[in-house]
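Take a look at the structure below.
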Amino acid sequence: MARRPSLQDFLGRHEQVVQVRLTRVRGSSPREAGTCMFVAADGLWGTIGGGQLEYIAIDHARRMLVQGLAADTLDVPLGPEIGQCCGGRVEMSLVQMCQADRDEAAAQARTEDQALPHVYVMGAGHVGRALADLFQHLPVRCILIDQRAEELALCQADVEIRQSAIPEIDIANAPAGSAFIVLTHDHALDFLLASAALQRGDAGYVGLIGSATKREKFRRWCRDHCGGLGTDRLICPIGASGSRDKRPSVIAAFVAAEVIADLTSETAATASEGGNDLPGEGNQPGAEGEPAENSGR
């Protein structure tokens, strides 16, 4: 499995790089102040939002490289003047990077990577692997966990692969704010892992694949076996956004969107906490009336 290239890899491949940084944002803008992009003569790392704004910045940075200009600034209105309709205004700095700049940028990138929220996909069946395929491209650290080596071996995504005989220990050792998506091959294990994630009290997301019926069974199981553990914060079914398509890749797309919304949006997180007490509708692979393989495997 190829490792995803890092900013440090990019900087190592290019001798001359201009760092483009949004220094001030007024009104509506595709990215926030502090966002950086790195431009080489034949390469690019990161984005300041795409569109005509980014084209202008890239073109200006490459002209700086040709002219040997060390630093410059741009003030760009995001309106009809450049063919965009955001309506805001962006100021940016463009600086040819010295070695100290490169070291600082690489260190900052490593710090940001270490601060990424963890997403634990508990089960490496069809849906679990489809989730790993998506999360590898998103700003999270994805850990795919299963007891079965043969299922983990089928994953080709650039995520952490972890064979774990006692996966509830992985849940207990996860950092605060982590997301847990439970979709193993066994309903009893699903209940054990989902309850362990809920008992933490600090998870950013706890989801259990299944149906409204499975959710109710899990609620009663928690009442009887977990000291009345509340299930209000549980998402079950997961990714229940109205699609009737139960292919693993489709389910994974809805679940990934749901998890990212909860991890990155204060509004979505607040709404989720207030709205998860009602059982969801619909069935998913492994739910009652569906194939018994709870993870779609």
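Owing to the predicted nature of the structure, the values given are computational and were not obtained by experimental measurement.
In terms of hydrophobic clustering, with Ile, Leu, Val, Met, Phe, Trp and Tyr side chains grouped at heavy-atom distances under 4.5 Å, V39 and M97 are assigned to different clusters. Under the 4.5 Å side-chain heavy-atom criterion for grouping Ile, Leu, Val, Met, Phe, Trp and Tyr, V250 is not connected to V255 through any hydrophobic cluster. In terms of hydrophobic clustering, with Ile, Leu, Val, Met, Phe, Trp and Tyr side chains grouped at heavy-atom distances under 4.5 Å, L144 and I260 are assigned to a common cluster. V140 and L7 sit in two unconnected hydrophobic clusters of ILVMFWY residues. Membership requires side-chain heavy atoms under 4.5 Å apart, directly or through other members. There is no path of hydrophobic side-chain contacts, each under 4.5 Å, that joins V95 to L53.
Between the side chain of Q19 and the backbone N or O of F38, no donor-acceptor pair lies under 3.5 Å.
Distance CZ/R21 to SG/C36: 3.5 Å, rounded to 0.5 Å. In this structure, CD on Q67 lies 9.0 Å from CG on D72, to the nearest 0.5 angstrom. For the atom pair L154 CG and E150 CD, the distance stands at 8.0 Å (nearest 0.5 Å). Taking SG from C222 and CG from L198, the interatomic distance works out to 6.5 Å, rounded to the nearest 0.5 Å. Between the CG atom in D75 and the CZ atom in R24 there is a gap of 8.5 Å [rounded to 0.5 Å]. If you take CZ on R13 and CD on Q8, they are separated by 11.5 Å, rounding to the nearest 0.5 Å.
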Residues 41-50, side-chain donor-acceptor partners within the protein, below 3.5 Å, at least two apart:
unit_1 : atom_1 : unit_2 : atom_2 : d
D42    : OD1    : H14    : ND1    : 3.3
T47    : OG1    : G49    : N      : 3.0
T47    : OG1    : G50    : N      : 3.4
T47    : OG1    : E54    : OE1    : 2.5

Let me check something: any side-chain donor-acceptor pairs from residues 164-175 under 3.5 Å, sequence neighbours excluded? List them with distances.
unit_1 : atom_1 : unit_2 : atom_2 : d
S164   : OG     : I166   : O      : 3.4
S164   : OG     : D170   : OD2    : 2.5
D170   : OD1    : R162   : NH1    : 2.8
N173   : ND2    : I169   : O      : 3.4

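At a threshold of 4.0 Å, the pair R63-D59 counts as salt-bridged, since one of the basic side-chain nitrogens sits closer than that to a carboxylate oxygen.
Considering only heavy atoms from C-beta on, I235 stays 4.5 Å or farther from V206 through its side chain. Side chains of Y205 and S178 form no contact here, defined as non-hydrogen atoms less than 4.5 Å apart. A heavy-atom distance below 4.5 Å is not found between the side chains of F254 and I238. Inter-residue side-chain proximity for R89 and V76 is flagged as unmet; no heavy-atom pair is nearer than 4.5 Å. Looking at H185 and E151, their side chains never come closer than 4.5 Å, going by heavy atoms from C-beta outward. A 4.5 Å side-chain heavy-atom check between R219 and L234 finds every atom pair outside the cut-off. Counting only heavy atoms from C-beta outward, the side chains of V121 and I145 never approach each other to under 4.5 Å.
Applying the salt bridge (Lys or Arg N to Asp or Glu O under 4.0 Å) test to every pair with at least one member in residues 105-114, sequence neighbours left out, gives no pairs at all.
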* **side-chain contact (heavy atoms from CB on, under 4.5 Å) evaluation trace for F10 with V17** => CA-CA 9 Å; F10 174 82; V17 176; 4.2 Å; yes
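Taking the six-membered ring where tryptophan is involved, the planes of F191 and H187 are perpendicular, since the angle between them exceeds 60° and thus also 30°.
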